[in-house]
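Values below: all heavy atoms of this structure, side chains included; hydrogens, waters and symmetry mates excluded. All chains are named by letter (A, B, ...) in the order of the sequence lines, taking the proteins before the strands, and each is independently numbered beginning at 1.
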Protein chains: 2
Amino acid sequence: MTLDRIDFELVQLLRKNARLPNKELAERAGIAPSTALERVRRLRQSGVLLGYHAEIAPIAIGIGLQAMVSVRLARHSRELLDSFHAHLQQLPEVLAFYHVAGADDFLVHVGVRDSAHLRDFALASFTERHEVAHIETKLIFEFRRNVELPTGPLDAPGLA
Amino acid sequence: MTLDRIDFELVQLLRKNARLPNKELAERAGIAPSTALERVRRLRQSGVLLGYHAEIAPIAIGIGLQAMVSVRLARHSRELLDSFHAHLQQLPEVLAFYHVAGADDFLVHVGVRDSAHLRDFALASFTERHEVAHIETKLIFEFRRNVELPTGPLDAPGLA
DNA sequence: GTTGAAATATAAGTATA
DNA sequence: TATACTTATATTTCAAC
């Protein structure tokens, strides 16, 4: 699906505030509320808008410590990869993960209570797994996400 | 602020779907709509709920390639750190960044059009900066975020 | 894009523990 | 005194035009 300027504006506004009322959304994008409603629905159905998520203060839900765990797999077989991939997705401590090229195969962003929790978790969920050859854990001092969109509509190919 | 089970339930529901209507939110949490409204407002004001953001398909906004750039600073002075930190926050290509302990100081998650864009961006925004001593760029095959909450209310200290 | 009915969010007032 | 519920009002959504 190709986005025009108005679609891009809607997406941008919802990225900053997913709970923006449709009326205000429409006004800021310079279109009628009904048009905004239909466009947003189309953007959802076409898979441009994937979902709406609340951002939560880590400390409030018991996350006192965050770390980035670099994981190197034992072999690069499809079977091992799929197995570890599935494992990652069911770990509550995993906030996000990156499957990357290079010596390390995964970068895993984890959120835990404290250092004791991190030690136990890293051991049980990474080191002791048969898929894993080696891990390296880095403490995260600060993590920040950018809610601004990285490109304008004219920068991207295939945008009207 | 300490969360009870209902607060935690509300936060969990809004994490999965930030646009869940208040009425349905209340029903699922087992409370009256007005109560849900007030609790959510308190959670926002107290800084537990930090915001609501739409998740967008990268390709739809012109991001054809993602990479993780490890950045090592020239020195560990407060001045250099603050300067680079501020720099990171104004780059449209930066999707997120981690300030970490270890040999590398920052892990920067970037989204770009293509490899040419990545090369130009890495050079201009990292390599050529006076704060930066060394960078290493890893291609990201896949990135996935976990929308489930990492802990239950009873696991976290200070929760009722 | 506009309008109006239905659904929903919000505020005020009331009860309850 | 806090928190939750009920009712009433305002806003928003959404479909027909």
Starting at CG of B:Leu25 and ending at C1' of C:dT8, how long is that distance when rounded to a whole Å? 13 Å
A:His134: which residues meet the ring-ring contact (aromatic ring centres under 6.0 Å, His included) condition with it, sequence neighbours left out? none
Side-chain heavy atoms of B:Glu38 within contact of B:Thr35, under 4.5 Å: no
Hey, do the aromatic rings of A:Phe97 and A:His85 have their centres closer than 6.0 Å? yes
Is there side-chain contact between B:Val71 and B:Arg129, with heavy atoms separated by less than 4.5 Å? no
Run the numbers on B:Arg15 and B:Glu148 for salt bridge (charged side-chain N to carboxylate O under 4.0 Å, His left out), then give the verdict. CA-CA 7 Å; B:Arg15 171 120 188 104; B:Glu148 300 287 330; over 6 Å; no
Pairs counted as Watson-Crick or G-U wobble with both distances under 3.5 Å: what dot-bracket string results for DNA chain D, using | for bases tied to another strand? |.|||||||||||||||
Length of the CG-C1' vector between B:Asn22 and D:dT12, whole Å: 13 Å
Between D:dA4 atom P and B:Glu9 atom CD, what is the distance in whole Å? 14 Å
Under the criterion side chain to side chain contact (heavy atoms under 4.5 Å, CB included), I'd like the reasoning laid out for B:Phe84 against B:Asp105: C-alpha separation, chi angles, the key distance, then a yes or no. CA-CA 10 Å; B:Phe84 188 68; B:Asp105 298 289; over 6 Å; no
Measure from NZ on A:Lys23 to P on D:dT11 and round the result to the nearest Å. 7 Å
Between B:Lys23 and B:Glu27 (salt bridge meaning N to carboxylate O under 4.0 Å), is one present in this structure? no
Within residues 27-45 of chain A, which residues have any heavy atom lying less than 4.0 Å from an atom of DNA chain C? A:Ile31, A:Ala32, A:Ser34, A:Thr35
Whole angstrom is fine here: how far is it from CG in A:Leu20 over to P in D:dT11? 16 Å
Apply side chain to side chain contact (heavy atoms under 4.5 Å, CB included) to the pair B:Leu149 and B:Phe8, showing each step before the final yes or no. CA-CA 9 Å; B:Leu149 291 189; B:Phe8 190 82; 3.7 Å; yes
